[in-house]
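Below is one structure, written out as structure tokens, with a few remarks after it.
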Amino acid sequence: MRVTASHTPATALKLSTRTLLDDHTALQDHLDSIQRTISTDPPATIASAKELVETTYKLILEKRGIVYGNKDDLGDLYKKVATELSLNRESVPDSTKGSEAAKKTLGALNTTVFGLAELRNTLGRGHGRTTPSPALERHARLAFNAAVALTEFLFDTWQDREKPG
């Protein structure tokens, strides 16, 4: 028996509750695309999942007044967001209980970013594929769920960083 994902594109991210976003249309467009393609076009879903994360990075950077370039790739954008939101391993104090686990988790978050980009490049749409993608629905769900977990974490962290001290 197949268990469905706990997130669905229709319910993911609860964008209407994200008060730091003036306009969430771009994110909703990616979620709508994922909703349409997750079971019928896994390569398109994988591409949209990567774009969901990339759009999230850009929205956070723009809202916080941080400049990024047109040539900045997913990794470049992640580094800027991680620095801006103090998400790099170095930002976790060694004296904090659980700091080693937090550092490992933040490292995994970074790995997830690069994994999504690589998944999009190898199984998703883009770069002028000359052969059909071998992506299956499970790959699409993996990309979608990874993108949602990452994006939710970024939104929650961003919200926490904006709270008055």
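Put simply, the side chain of I38 does not reach to within 4.5 Å of the side chain of T8, judged on heavy atoms. Here the side chains of L87 and F153 are in contact, with some heavy-atom distance below 4.5 Å. You'll find the side chain of L31 stays beyond 4.5 Å of the side chain of S33, heavy atoms only. Residues E84 and W158 form no side-chain contact, since every pair of their non-hydrogen atoms from C-beta on lies 4.5 Å or further apart.
Counting only residues at least two apart or in different chains, salt bridge (Lys or Arg N to Asp or Glu O under 4.0 Å) contacts with residues 22-31 comprise D22-K63. For residues 73-83, every residue pair satisfying the salt bridge (Lys or Arg N to Asp or Glu O under 4.0 Å) rule, not counting sequence neighbours, is listed here: D72-K80.
A single hydrophobic cluster is not seen to contain both Y68 and F114; linkage of ILVMFWY side chains at heavy-atom distances under 4.5 Å, directly or through other members, places them apart. Taken together through direct or relayed side-chain contacts under 4.5 Å among Ile, Leu, Val, Met, Phe, Trp and Tyr, I46 and Y78 form parts of separate hydrophobic clusters.
Interatomic distance, L59 CG to R64 CZ, rounded to the nearest 0.5 Å: 13.5 Å. Atom OG1 of residue T37 and atom CD of residue E137 lie 10.0 Å apart, to the nearest 0.5 angstrom. In this structure, CG in L85 is found 6.5 Å from CG in L154, a value given to the nearest 0.5 Å.
By the salt bridge (Lys or Arg N to Asp or Glu O under 4.0 Å) test, R36 pairs with no residue at all, sequence neighbours left out. Residues passing the side chain to side chain contact (heavy atoms under 4.5 Å, CB included) test with E54 are K50, K58, L74, L77, sequence neighbours excluded. For T19, the side-chain hydrogen bond (donor to acceptor under 3.5 Å, both in side chains) criterion is met by Q159, not counting sequence neighbours. Taking S133 as the reference, nothing meets the side-chain hydrogen bond (donor to acceptor under 3.5 Å, both in side chains) condition, with sequence neighbours excluded. In terms of the side-chain hydrogen bond (donor to acceptor under 3.5 Å, both in side chains) criterion, residue partners of T55 (sequence neighbours excluded) are, by chain and number, H30. In terms of the side chain to side chain contact (heavy atoms under 4.5 Å, CB included) criterion, residue partners of P134 (sequence neighbours excluded) are, by chain and number, L123, R129. Evaluation of the side-chain hydrogen bond (donor to acceptor under 3.5 Å, both in side chains) rule for E118 yields no partner, not counting sequence neighbours.
The minimum heavy-atom distance linking L136 with P42 is given by the pair O-CB, 3.4 Å. Annotation for F144 and A12: closest pair CZ-CB, 4.0 Å, computed over non-hydrogen atoms.
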In residues 106-113, what donor-acceptor pairs under 3.5 Å come from side-chain atoms, sequence neighbours left out?
| residue | atom | partner | partner atom | Å |
| --- | --- | --- | --- | --- |
| T111 | OG1 | G107 | O | 3.0 |
| T112 | OG1 | A108 | O | 2.9 |

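The hydrophobic cluster containing L142, built from Ile/Leu/Val/Met/Phe/Trp/Tyr side-chain heavy atoms closer than 4.5 Å, comprises no other residue.
Within the 3.5 Å criterion, the main-chain N or O of K14 finds a donor-acceptor partner in the side chain of T17. Side chain of R18 to main chain of L13: a donor-acceptor pair is present (N/O by atom type, distance under 3.5 Å, no hydrogens or angles).
Applying the side chain to side chain contact (heavy atoms under 4.5 Å, CB included) test between T56 and each of L21, L150, V81, L27 identifies L27 as the sole match.
One finds no salt bridge joining R161 and D156 here, because no Lys/Arg side-chain nitrogen approaches an Asp/Glu carboxylate oxygen to under 4.0 Å.
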